[in-house]
Amino acid sequence: MLHIFSNMKAKDRWLALLCVLFVCGQVYFDLRLPDYTAEITVLISSEVTEMSQYFTAGGKMLGCALCSAGLTVIVGYMAALIAADFSFDIREKLFNKVTAMGSAEIKKFSIASLITRTTNDVTQIHMIIAMGLQMLIRAPIMAIWAIIKIVGKSWQLSAVVLAAVVIVVGSMIVLLAIMIPKFRIVQRQIDDVNRLTEENLSGIRVVRAFNAEKYQEDKFETANSALMKTQLFTGRGMAFLSPIMMFVQSCVSVAIYYVGAVLINAIDVPLTGTAAEIATAISDRSVMLGEVVSFSSYALYVIMSFVMLLMIFMLLPRAAVAANRINEVIDSDITVNEGTEHKSDEVGSIEFKNVSFRYPDASEDCLKHITFSAKQGETVAFIGATGSGKSTLAGLAARLYDTTDGTVLLDGKDISKYSFETLYDKVGYIPQRATLFSNTVEGNITFGDSGHAITVAAVENALDIAQATDFVSAMDDGVNSWIAQGGSNVSGGQKQRLSIARAIARKPEILIFDDSFSALDYKTDRTLRQRIKTDLKDTTCLIIAQRIGTIRHADKIVVLDDGAVAGIGTHDELMKNCPVYQQIALSQLSADELAANA
């Protein structure tokens, strides 16, 4: 847990140091109060006390109380400021780290878990800082200081306090040993609840279409019940400490006054002695009574310190678990690291040299010895059965992953050598699953930084090429119409066309279409490809598709079979010498249709 606080800003560290100093001052004023209480007790027992002495002692007590209250307010404000600032920094680091992660790291943690770590886990850290700087620092200082002030006054009374401390500490150690593993389970169960909620909301249409509401409710009920039971267990366990504290505190008060009464009675007041001896004995009894009263206050301060520690220890285990989970993300290794190159000698070329790729923890490569090249302006298409590695190949071309073996060259240089800014200025990637953001149509098209300004004319041109002008202009506000989160207020084909327009507007050297025409009808598909061919003739296109009609006119077609290249050539060449391609073509079109469209 200490590792996460090493990231604290220097300013916050200085504020934390000031908090420690102010807490010491606060404890000092608090522990002066019992001394004045003892002084007033002795004054009450004295026969020659003047009223001014009471006012003096009372004034000192009031001054200490006001100073303590003022320092408490200052410490509370500073602790809240430090907690808020530190939480802001941690959330920012988490967000930036997750943004820099590749697909492999995202899959390792899961989206639901990353959301929990960025929200709930950071909240746990925020709470422990806000309360810890006030209580976690104050409690041990107060306990040690109070113990120092009472040690040596009376070993009998000290033994009472020691016994109480042993009981309290023992109870806390036993219960925390049981609770800490449960707190780890709680965080994982929160991940499960978030995951199920996310799945249900994102797949609500499928759930309703298959009448699976009851099934989803049962799944959520199982996860929610497990979380509830664990939280009930931890809540009841931690609640058990509170009555222990109150019981010990009450017993300590009774024991101190009982032992104090015994000690006071042990001081004999001679009935037949001289006046001086009687006065001395009475004075000794008054002093002992004052010590018992102050001792009782100090003992309660010691117990109060452990009560404050209890409150912190109720939060500390979850905060420790949360800190470890946050550190797992922050300290995780990024497999796709940024290069430093910003320039290249070539334009619009891409080449795979004997490329193989294996997903983490997979038993074998999903791509094996892939070799092909594409020059500026060429269209290279990829086709193959489901699971043949087409989308993985597109991910390597867009550098969503790094190769296991071999090299991907972009404009003649290793793709891993480019800075991300340079790389994604060169490459426009349209993913298999079109993603839109909560923004206007124009905001989605101009999304991100493309290295050059995307003008209104560029937006309109991109929409026109992507065959999206008709439906966008039919919207109430045209390009200023609002797109809901995930594009839920537009159809699948419309989402794909807007996603394609977004990539075209960036004017990249290479466009990668990862099955990005699947939701388009044949006419729109054909028209869109023709516009790309004529309007973007200097742009290199890599097209992953399932339909023969989408790729048959490509300059080069790469046929993938079980992760390996089964054939490379034009449509006509592959129809003559590639059995895998022939099977795919004949499964979609008859021999007559293929001959007619030749």
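Just so it is clear, the structure is predicted and the values come from calculations on it, not from any experiment. Residue indices begin at 1 and follow the sequence shown.
Taken to the nearest 0.5 Å, the CH2 atom of Trp482 stands 6.0 Å off from the OG atom of Ser438. For the atom pair CG of Asp85 and CD1 of Ile129, the computed distance is 9.5 Å after rounding to the nearest 0.5 Å.
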Residues Phe86, His126; criterion ring-ring contact (aromatic ring centres under 6.0 Å, His included); working and verdict | CA-CA 8 Å; Phe86 185 70; His126 179 97; 9.8 Å; no
Chi angles and distances behind the salt bridge (charged side-chain N to carboxylate O under 4.0 Å, His left out) call for Asp525, Arg529 = CA-CA 6 Å; Asp525 181 347; Arg529 285 185 289 104; 2.7 Å; yes
What do the steps show when you test Arg117 against Asp121 for salt bridge (charged side-chain N to carboxylate O under 4.0 Å, His left out), and what is the final call?
-> CA-CA 5 Å; Arg117 295 173 198 236; Asp121 288 354; 5.1 Å; no
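For the pair Lys390 and Phe382, the NZ or CZ position fails the cation-pi test of under 6.0 Å to the six-membered ring centre and within 45 degrees of the ring normal. Relative to the six-membered ring of Phe437, Arg502 misses at least one condition, a distance below 6.0 Å or an angle of at most 45° to the axis.
For the residue pair Asp514 and Ser391, a side-chain donor N or O sits within less than 3.5 Å of a side-chain acceptor on the partner. Of the N and O atoms on the side chains of Glu346 and Ser349, at least one donor lies less than 3.5 Å from an acceptor on the other residue. Side-chain contact check for Thr116 and Asp191: at least one donor-acceptor pair (N or O, by modelled atom type) lies under 3.5 Å.
Two residues are said to be in side-chain contact when any heavy atoms from C-beta on lie closer than 4.5 Å; Glu351 and Val408 fail this criterion. By the 4.5 Å heavy-atom criterion applied to side chains, Asp411 and Asp345 are not counted as neighbours.
Of the possible donor and acceptor atoms, none in the side chain of Ser516 sits under 3.5 Å from a partner among the backbone N and O of Phe513. Ser356 places no side-chain N or O within donor-acceptor distance of the main-chain N or O of Asp405, the cut-off being under 3.5 Å. Side-chain atoms of Asp555 come within 3.5 Å of backbone N or O of Thr379 as a donor-acceptor pair.
Using the six-membered ring where Trp is involved, Phe352 and Phe372 have ring planes that are parallel, under 30° apart on the 30 and 60° scheme.
Taking the centre of each ring, Phe420 and Tyr418 stay at or above the 6.0 Å mark.
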